[in-house]
Amino acid sequence: MAWRARSVDGFPDDLLLAGLASGDSELSVAFVRRFQSRVFGVAMAVLGDPRQAEDVAQLAFERAWRHAAVFDPRRGSVTTWLTAITHHLAIDAVRARRAAPVDPMDLEEVLGAGPDGPERATLAAESAAELRAAIRALPAEQARALVLAAFRGLTAREVAESEGIPLGTAKTRIRTAMLRLAAALEPERDPS
């Protein structure tokens with residue numbers, strides 16, 4: 001059996017994936033060994049937490065096993081396919097670990113929150129007040145959409161669901177609010 005274990009190391013990726021799909025234990029082990037570093041590396045790059053990266057890597061291999069039968073080599077390599085699975089799972093994990101949501105109506109508190117330290121000390125009080133004033137000057141529906149997206153981390157789709165509006169309307173409100181905010185905070189340009 002040891003001679004077979006050594007020989008599977010040279011098998012092409014798609015053959016190892018087919019072995020994973022069929023439940024062949026040797027090919028499955030060879031598949032995991034071949035890709036474990038890359039899968040963990042992708043998860044770690046996105047998450048920055050080794051424990052969470054291990055969990056995501058495990059999920060990626062489970063998903064590869066479940067969906068191995070639908071892998072299409074014409075659409076890309078096994079490496080690209082498995083890396084994409086891992087990346088999507090890691091992004092989902094980042095979204096799931098978002099901080100507890102803050103009520104968008106508590107704008108003063110949200111804008112004033114932050115860790116103490118050199119970063120906070122360098123933030124000028126005038127800039128924070130100017131930002132708060134610029135957000136307050138926005139129409140209410142745009143300000144809500146901006147706060148939901150920027151401070152609560154909701155996607156445009158989630159903003160649309162939260163506000164009970166179409167997705168396109170949510171995107172427009174967020175974009176318009178960002179443009180108005182940028183224009184309001186842009187320093188006056190010297191005409192010379």
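Note that the structure is a prediction, hence the values are computed from the model and not measured.
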**Student:** Please report the shortest heavy-atom distance between A60 and L82, naming the atom on each side.
**Tutor:**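 Smallest heavy-atom distance, with atoms named: O-CD1, 4.1 Å.
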**Student:** Working to the nearest 0.5 angstrom, can you tell me the gap between T80 OG1 and H87 NE2?
**Tutor:**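 Result: 13.5 Å between the selected atoms.
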**Student:** Going by side-chain contact (heavy atoms from CB on, under 4.5 Å), name the residues that satisfy it together with A30, two or more places apart in sequence or in a different chain.
**Tutor:**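 With neighbours one apart ignored, the set is V8, L16.
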**Student:** When rounded to the nearest 0.5 angstrom, what is the spacing between NE2 in H88 and CZ in R63?
**Tutor:**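 These two atoms lie 9.5 Å from each other.
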**Student:** Can you sort out the partners of T172 under side-chain contact (heavy atoms from CB on, under 4.5 Å), two or more places apart, ordered by chain and number?
**Tutor:**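 With sequence neighbours excluded, T172 shows a side-chain contact (heavy atoms from CB on, under 4.5 Å) to T176, given in chain and number order.
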**Student:** Would F11 and L20 show up in the same hydrophobic cluster when neighbours are defined by side-chain heavy atoms closer than 4.5 Å?
**Tutor:**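 Yes; L20 is reachable from F11 via cluster members.
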**Student:** List the atom of I174, the atom of A149, and the distance in Å for their closest heavy-atom pair.
**Tutor:**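 The answer is CD1-CB, 3.8 Å.
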**Student:** Using a 3.5 Å cut-off and no angle test, enumerate the donor-acceptor pairs between side-chain atoms of residues 39-53 and protein atoms at least two apart in sequence or in another chain.
**Tutor:**
from	atom 1	to	atom 2	distance (Å)
D49	OD1	R51	N	3.3
Q52	OE1	R97	NH1	2.5

**Student:** Would you please name every residue forming a salt bridge (charged side-chain N to carboxylate O under 4.0 Å, His left out) with E163, sequence neighbours left out?
**Tutor:**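 With neighbours one apart ignored, the set is R144.
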**Student:** Suppose we screen for side-chain contact (heavy atoms from CB on, under 4.5 Å). Which residues come up paired with T79, at least two apart in sequence or across chains?
**Tutor:**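 In terms of side-chain contact (heavy atoms from CB on, under 4.5 Å), with neighbours along the sequence ignored, T79 is linked to D13, F35, R38, S77, T83.
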**Student:** Mind checking who shares a hydrophobic cluster with L167, ILVMFWY linked at side-chain heavy-atom distances under 4.5 Å?
**Tutor:**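 Grouped by the 4.5 Å side-chain rule, L167 forms a cluster of one, so the answer is none.
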**Student:** Heavy-atom count around R66 CZ within 6.0 Å, excluding the residue itself: above 12?
**Tutor:**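 Counting other residues, nucleotides and ligands, CZ of R66 exceeds 12 neighbours.
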**Student:** Given the rule that I, L, V, M, F, W and Y join up when any side-chain heavy atoms are under 4.5 Å apart, are F31 and V29 in one cluster?
**Tutor:**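 No.
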**Student:** How far apart are the closest heavy atoms of Q142 and R173, and which atoms are they?
**Tutor:**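 In this case the closest contact between Q142 and R173 is CG-O, 4.0 Å.
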**Student:** Same cluster for L179 and I135 if Ile/Leu/Val/Met/Phe/Trp/Tyr side chains link at under 4.5 Å?
**Tutor:**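 No: no chain of side-chain contacts under 4.5 Å links L179 to I135.
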**Student:** Identify the two heavy atoms, one from G19 and one from S28, that lie closest to each other, and give their separation to 0.1 Å.
**Tutor:**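 Closest pair (atom of G19, atom of S28, distance): O-OG, 3.8 Å.
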**Student:** State, to 0.1 Å, how close A68 and L17 come at their nearest heavy-atom pair, and which atoms those are.
**Tutor:**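 Looking at all heavy atoms of both residues, the closest pair is CB-CD1, 3.6 Å.
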**Student:** Can you tell me which residue pairs pass the ring pair (Phe, Tyr, Trp, His ring centres under 6.0 Å) test with a partner in residues 52-75, sequence neighbours excluded?
**Tutor:**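 Counting only pairs at least two positions apart or across chains, the ring pair (Phe, Tyr, Trp, His ring centres under 6.0 Å) contacts touching residues 52-75 are F71-W81.
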**Student:** Count I, L, V, M, F, W, Y as connected when their side-chain heavy atoms are under 4.5 Å apart, and connections chain through other members. Are L154 and I165 then in the same cluster?
**Tutor:**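 Hydrophobic grouping puts L154 apart from I165.
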**Student:** Could you list the residues that satisfy side-chain contact (heavy atoms from CB on, under 4.5 Å) with P12, not counting sequence neighbours?
**Tutor:**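 Listed in chain order: D14, L15.
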**Student:** Check A156 against A170 and note the closest heavy-atom contact, atom names and distance.
**Tutor:**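 Taking every non-hydrogen atom into account, O-CB, 3.6 Å.
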**Student:** Using the side-chain hydrogen bond (donor to acceptor under 3.5 Å, both in side chains) criterion, which residues pair with Q58? Sequence neighbours excluded.
**Tutor:**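 Q58: side-chain hydrogen bond (donor to acceptor under 3.5 Å, both in side chains) contacts with E62.
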